[in-house]
Amino acid sequence: MSRVFVVALLAAVLGVLQACQNGSGGDVGWSSADAATCEMIEMQVDGTGKPIEIEYATLPDAAPPAVRGAAQRMYPGANFTEGEKEYQDGGWYYELGGVIDGREVEAMFQADGTPYQQEIQVAAESVPAVVRSAVQNSFAGATVTAWEEIRSGTGALLEYHVKLTKGDRKYKL
């Protein structure tokens with residue numbers, strides 16, 4: 001890793017942490033309302049240290065009413081117990097997560113309630129055999145804890161995620 005990259009990465013991380021503490025937005029539009037919810041931050045940066053994806057936990061009630069209403073229409077009867085605010089593709093999104101019919105679901109929306117992306121827990125049998133085989137071959141001895149379909153806001157299948165554990169480590173592929 002080059003020294004310039006490390007310095008840029010450190011600057012980006014410190015900027016996000018400072019934004020959490022004082023509610024300033026910096027280059028990614030943080031609001032003062034976000035400051036109280038920054039307990040854990042996940043962040044990806046590009047080669048210059050510029051944030052390309054940031055996510056942190058919030059309360060479901062922190063999402064705008066349009067987001068909460070859209071989530072209930074998408075998953076009627078779901079009890080949304082988790083929330084996140086995420087920065088990706090140059091914009092901020094709200095994600096609500098919960099359980100419906102025994103399956104974990106997460107739905108991400110723009111602030112106006114427009115659907116952006118969904119994560120839906122599915123049965124292993126619904127995942128193509130080639131995907132299941134690739135996971136088994138790459139992580140022999142691991143235990144799959146969840147299979148997920150990642151869908152666009154319109155419902156188009158984009159990719160699969162798998163969550164697994166091996167020893168005391170957790171993976172998301």
Side-chain angles (χ1 to χ4, degrees), residues 1-13 16-17 28 37-58 60 63 67 70-71 74-110 114-173:
M1 237 187 292
S2 77
R3 182 181 174 125
V4 171
F5 174 77
V6 171
V7 170
L9 175 60
L10 182 57
V13 170
V16 170
L17 293 175
V28 291
T37 61
C38 297
E39 293 180 14
M40 185 179 102
I41 302 168
E42 294 180 31
M43 185 170 146
Q44 294 180 32
V45 297
D46 67 13
T48 67
K50 178 182 175 189
I52 54 175
E53 189 171 326
I54 302 168
E55 67 180 65
Y56 61 92
T58 66
V67 169
M74 184 178 282
Y75 296 110
N79 179 23
F80 294 102
T81 58
E82 298 177 9
E84 291 182 356
K85 191 165 181 185
E86 298 188 23
Y87 176 80
Q88 62 178 276
D89 297 331
W92 281 102
Y93 300 91
Y94 293 87
E95 182 177 272
L96 297 178
V99 176
I100 186 162
D101 298 329
R103 297 180 305 147
E104 291 182 19
V105 295
E106 294 179 350
M108 191 181 312
F109 301 89
Q110 295 173 8
T114 301
Y116 178 72
Q117 196 173 60
Q118 304 171 59
E119 295 179 17
I120 306 160
Q121 186 177 11
V122 296
E125 303 80 45
S126 70
V127 177
V130 66
V131 175
R132 294 192 319 264
S133 293
V135 169
Q136 290 170 345
N137 293 337
S138 298
F139 286 88
T143 301
V144 173
T145 58
W147 295 97
E148 298 175 335
E149 291 179 346
I150 308 304
R151 295 188 170 272
S152 71
T154 61
L157 180 63
L158 301 173
E159 61 192 26
Y160 293 95
H161 285 180
V162 61
K163 295 177 181 176
L164 45 91
T165 58
K166 187 171 183 178
D168 61 350
R169 293 185 177 249
K170 294 181 180 182
Y171 299 90
K172 183 176 179 181
L173 313 171

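Below, each value reflects all heavy atoms present in this structure, side chains not excepted, and no hydrogens, waters or symmetry copies. All residue numbers in this chain count up from 1 along the given sequence.
Residues Gln117 and Leu158 meet the side-chain proximity criterion, which asks for heavy atoms closer than 4.5 Å. For the pair Glu53/Tyr87, no side-chain contact is recorded, criterion being any heavy-atom separation below 4.5 Å from C-beta on. Using a 4.5 Å heavy-atom cutoff, the side chains of Arg151 and Ile120 are in contact. Contact annotation: the side chain of Tyr75 never approaches that of Val99 to less than 4.5 Å [non-hydrogen atoms, C-beta and beyond]. Pro115 has its side chain within reach of Met74: a pair of non-hydrogen atoms, C-beta onward, lies under 4.5 Å apart. Within the 4.5 Å cutoff, side-chain heavy atoms of Pro51 are placed close to those of Met43. Under the 4.5 Å side-chain criterion, counting only non-hydrogen atoms from C-beta, Val135 is in contact with Leu164. Inter-residue side-chain proximity for Glu55 and Gln88 is flagged as unmet; no heavy-atom pair is nearer than 4.5 Å.
Within the 3.5 Å criterion, the main-chain N or O of Ala140 finds a donor-acceptor partner in the side chain of Lys166. In terms of modelled atom types and a separation under 3.5 Å, the side chain of Ser138 and the main chain of Ala134 share a donor-acceptor contact. No donor-acceptor pair closer than 3.5 Å links the side chain of Ser126 to the backbone N or O of Val122. Here the side chain of Arg132 pairs a donor or acceptor atom with the backbone of Val127 at under 3.5 angstrom. Checked by atom type and distance alone, the side chain of Ser152 pairs as donor or acceptor with a backbone atom of Ala156 at under 3.5 Å. Put simply, the side chain of Gln121 gets close to the backbone of Glu104: a donor and an acceptor are under 3.5 Å apart.
The environment of Lys170 atom NZ is sparse: at most 12 non-hydrogen atoms of other residues, nucleotides or ligands sit within 6.0 angstrom.
Side chains of Asp46 and Thr48: a donor on one and an acceptor on the other come within 3.5 Å.
From Glu42, atom CD reaches atom OH of Tyr56 across 13.0 Å, with rounding to the nearest 0.5 Å. Gln118 CD to Thr154 OG1: the interatomic distance, rounded to the nearest 0.5 Å, is 8.5 Å. Note: Glu159 CD to Ile150 CD1 = 6.0 Å, rounded to the nearest 0.5 Å. Between the CD atom in Glu119 and the OH atom in Tyr160 there is a gap of 14.0 Å [rounded to 0.5 Å].
Evaluation of the salt bridge (Lys or Arg N to Asp or Glu O under 4.0 Å) rule for Lys163 yields Glu148 as partners, not counting sequence neighbours.
Residue Phe80 comes nearest to Gly98 through the heavy atom pair CD2-N, 3.9 Å, listed as atom of the first residue, atom of the second, then distance. What you find for Ile100 and Gly77 is that their closest heavy atoms are CD1-C, 4.3 Å. Leu96 and Gly83 get closest at one heavy-atom pair: CD2-CA, 4.3 Å.
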(request) Would you sort out whether Val45 and Ile52 count as a side-chain contact (heavy atoms from CB on, under 4.5 Å), showing the intermediate values? (result) CA-CA 5 Å; Val45 297; Ile52 54 175; 5.5 Å; no
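Between Phe139 and Tyr171, the ring-plane angle classifies as tilted under the 30° and 60° cut-offs.
Considering Tyr93, Tyr94, Phe109 as possible partners of Tyr116, the one that fulfils the ring-ring contact (aromatic ring centres under 6.0 Å, His included) test is Tyr93.
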